[in-house]
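Structure first, then comments.
Numbers restart at 1 for each chain; the letters A, B, ... are given by sequence-line order, proteins then strands. These numbers come from a predicted model, not from an experiment.
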2 protein chains.
Amino acid sequence: MRFEAITIKDIALALGLSTSTVSRALRDSHEISPETKEKVLSYAKENNYKPNPIALSLKEKRSSSIGVLVSEIANSFFSQAINGIESVAQEKGYNVIIAQSKEYFDREVSSMQFLASRSVDGILFSVSAETSDFTHIQQLYNRGMHMVSFDRTVSFGDIHKVSVDNFKAAYEATTLLINNGFNNIACIANASFLSITMERVEGYKAALKDHSIPIIEENIGFCSHGGLIYEEVEEILNKKMLGIHKPDAILACSDKITTNTMRYCQVHKISIPQEVGLLGFSNLDLTDLLSPSLSVVRQPAYEMGRIAAELLINQIASKRPVTQFNNVVLPAELHQRDSTRKK
Amino acid sequence: MRFEAITIKDIALALGLSTSTVSRALRDSHEISPETKEKVLSYAKENNYKPNPIALSLKEKRSSSIGVLVSEIANSFFSQAINGIESVAQEKGYNVIIAQSKEYFDREVSSMQFLASRSVDGILFSVSAETSDFTHIQQLYNRGMHMVSFDRTVSFGDIHKVSVDNFKAAYEATTLLINNGFNNIACIANASFLSITMERVEGYKAALKDHSIPIIEENIGFCSHGGLIYEEVEEILNKKMLGIHKPDAILACSDKITTNTMRYCQVHKISIPQEVGLLGFSNLDLTDLLSPSLSVVRQPAYEMGRIAAELLINQIASKRPVTQFNNVVLPAELHQRDSTRKK
DNA sequence: CTAATTTACGCAAACGATACCGGTTCATTT
DNA sequence: AAATGAACCGGTATCGTTTGCGTAAATTAG
């Protein structure tokens, strides 16, 4: 037994009408008599008629679904962002179809193609750690796909973007470390070409400069695969912690890097904040329960998801082609806790 | 400019063939000459032809998409499970459409209706904390919707189920607490009628019984809204911790309850494990970095998602109606850490 | 009372792809 | 030489819905 719903044809047959009359009655057309309307409407209600969205999609050339492409779902920042996206989509009657790149460029390309081929009306995306080339995105975009870039945004111009003020967040985080007495601060960031990486590293550098602290390039590390696996972060931290300029504090520039750095310190018995201070970007909601409690930059992930989804759906629903592109920049929150408080 | 893809009709027109010939050529039918096939195939490749999945869905009466209904995406267990589901779906060419109940019965019903009305081919679900009545699920199921129940399973019979051995997990967790010298153990669980709650509480009780420890009903608390918000857990813990039988250990029976219990102890300055031991179900991957490091029951969430998705997709693809229903029960992992080690 | 207009509905095409039912060539068999 | 049968391809209905157009009956205007 297959799952089958009642169709307009069934209603027409049952009531001795044509499908077009039924269709118009359901859409409350003026050229259907009140009595017929009433008959159709009540019959439809009784039999729980729901228009077939697939037939509608074929006809209207739109699917009422949006795709979301992120590097990893099981990541507090992205799952919160998806949460926001889903809430807006639900309100506006859209499906959310999710796909993951797992930080691989190839998987990003194929996932995006997958979404496009599944006729989503638009795509919300945050690029993978391996993505420095945006042609696959731009091609899709130029062919008319509605797209909104969030978090790790793209460099080309005419597209809505939603992110936090990464420069300011990193600047203030670094300043906090400096004000707490740390002066040899390492910065472990994501892949070097990502927007968030460049902005955060710039904020880090600017804070050092404004406090007359020399910028040491060896103090900056990049995780070319997003710090997704522990070993990647370990390798980079080994270079810093066993190097000549052993830092007295670390600024960890993403969720995964932060937790993996914490793990590194535990594994290698490096005490925080005595031996090294730690401040990380993180959206976990129990960073205050960690040992030590962790100073963090928290991004408004849920809000970012909501805004990005609203921009996308508005763009999809807009009659005229959109020419005004927003670059929404939200403030991040800085929470000071024990991991940056020298005894 | 709208996003438009090339269709079979375009190919037919360009090559001076009929749509049916093109269709057959693309599907490698034997009744198309090799030359024609070659022409069609190369033209299709050149112009990046992708069959329109919506048209296919309408014709074949299947959408190649599955729905996932969970209480909350931003929850480590569910995001990992969705991760597993998505990986299988990707392999088999299915979309994953997600919906959240937020632990509300009403939202579960409407979300499930939403998924059904969007013509998903099947639904993977874990019921909300408020769901004691399964008629909305059973109705959909009886109308022929393919469904697989995971984690918080349903009570009716003929349906695939995937879960962990909750009884055993709770039994062993409780036994660990007992063996570590705790003997007045509170159990804070999810809503009382959920499968996972009943099984875990039974496991807890059985362990007490087997160790000749009396079962005190006041030591058992239920979070009727899943412990999603802190205040709910706080209220229940207040009753236990300020009551007559103040427990010396707590078994927290879900992700959210575990972290909120930990938060409670911090807020109320209750030292773990000195004043109270804590062992919780949790799928966070930094419970070892908490203060103190947390003893946990960890569920194979990714694996559960994979298995559930495979069962569902196999059922969808099956020609004959499925009569054999699996009840997959996986083992959970018990990790002993400091939160259960009395000094 | 005729002519014009309105009302209320049906017919059929369209969206993209598939599949059944034919039909037209040739080559092979009796 | 006629019949059979592959081989190859086109026409068309179909999925469920919307919509432009056509048209009969009913109403109104002149």
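One can place NZ of A:K50 at 13 Å from P of D:dT17, the figure rounded to the nearest angstrom. Nucleotide D:dT19 holds its P atom 14 Å from the CG atom of A:L58, rounded to whole Å. One atom, CG of A:D10, and another, C1' of D:dT17, lie 13 Å apart when rounded to the nearest Å. The CD1 atom of B:I8 sits 19 Å away from the P atom of D:dT14 (whole-angstrom rounding). The distance from atom NZ of A:K61 to atom C1' of D:dG16 is 16 Å, rounded to the nearest whole Å. As rounded to whole Å, 7 Å separates atom P of D:dA7 from atom NE2 of B:H30. Look at CG on A:L26: it is 12 Å from C1' on D:dG16, rounded to the nearest Å. Rounded to whole Å, the distance from CG on B:N52 to P on D:dC15 is 18 Å.
The two residues B:R118 and A:S63 have their closest heavy-atom pair at NH2-O, 3.2 Å.
Two residues, B:S18 and B:A55, neighbour DNA chain D, and the one matched to the more 5' nucleotide by heavy-atom proximity is B:S18. Take the nearest nucleotide of DNA chain C for B:P53 and for B:E31: the residue whose nucleotide is more 5' is B:P53. Comparing A:K9 and B:P34 against DNA chain D, the residue whose closest nucleotide sits nearer the 5' end is B:P34. Mapping B:L56 and A:T19 onto DNA chain C by nearest heavy atom places A:T19 at the nucleotide closer to the 5' end.
Taking the six-membered ring where the residue is Trp, B:F150 and B:F78 present perpendicular rings, their angle passing 60° and hence far from 30°. Ring pair A:H136/A:F105 is perpendicular by interplanar angle, where above 60° counts as perpendicular and below 30° as parallel.
Here A:I54 lies out of heavy-atom contact (under 4.0 Å) with every strand. Residue-level contact check: B:R27 touches the backbone only, with heavy atoms under 4.0 Å from sugar-phosphate atoms and none from bases. Within 4.0 Å of B:T36, counting heavy atoms only, lie sugar-phosphate atoms of the nucleic acid but no base atom. Residue B:S20 is in base contact, counting any heavy-atom pair closer than 4.0 Å across all strands shown.
Judged by distance alone, with hydrogens and angles left aside, the side-chain atoms of B:K50 form no donor-acceptor pair with the main-chain N or O of A:A116 at under 3.5 Å.
Taking every nucleotide of DNA chain C with any atom under 4.0 Å from a non-hydrogen atom of chain A, the first and last of them, 5' to 3', are C:dA8 to C:dG16.
Contact check for B:S65 versus B:Y94: no side-chain heavy atoms found under the 4.5 Å cut-off.
A distance of 6.0 Å or more separates the ring centres of A:Y141 and A:H146.
For A:S23 and D:dT18, the shortest distance from a side-chain N or O to OP1 or OP2 is below 4.0 Å.
Using a cutoff of 4.0 Å between basic side-chain nitrogens and carboxylate oxygens, A:R306 and A:E91 are scored as salt-bridged.
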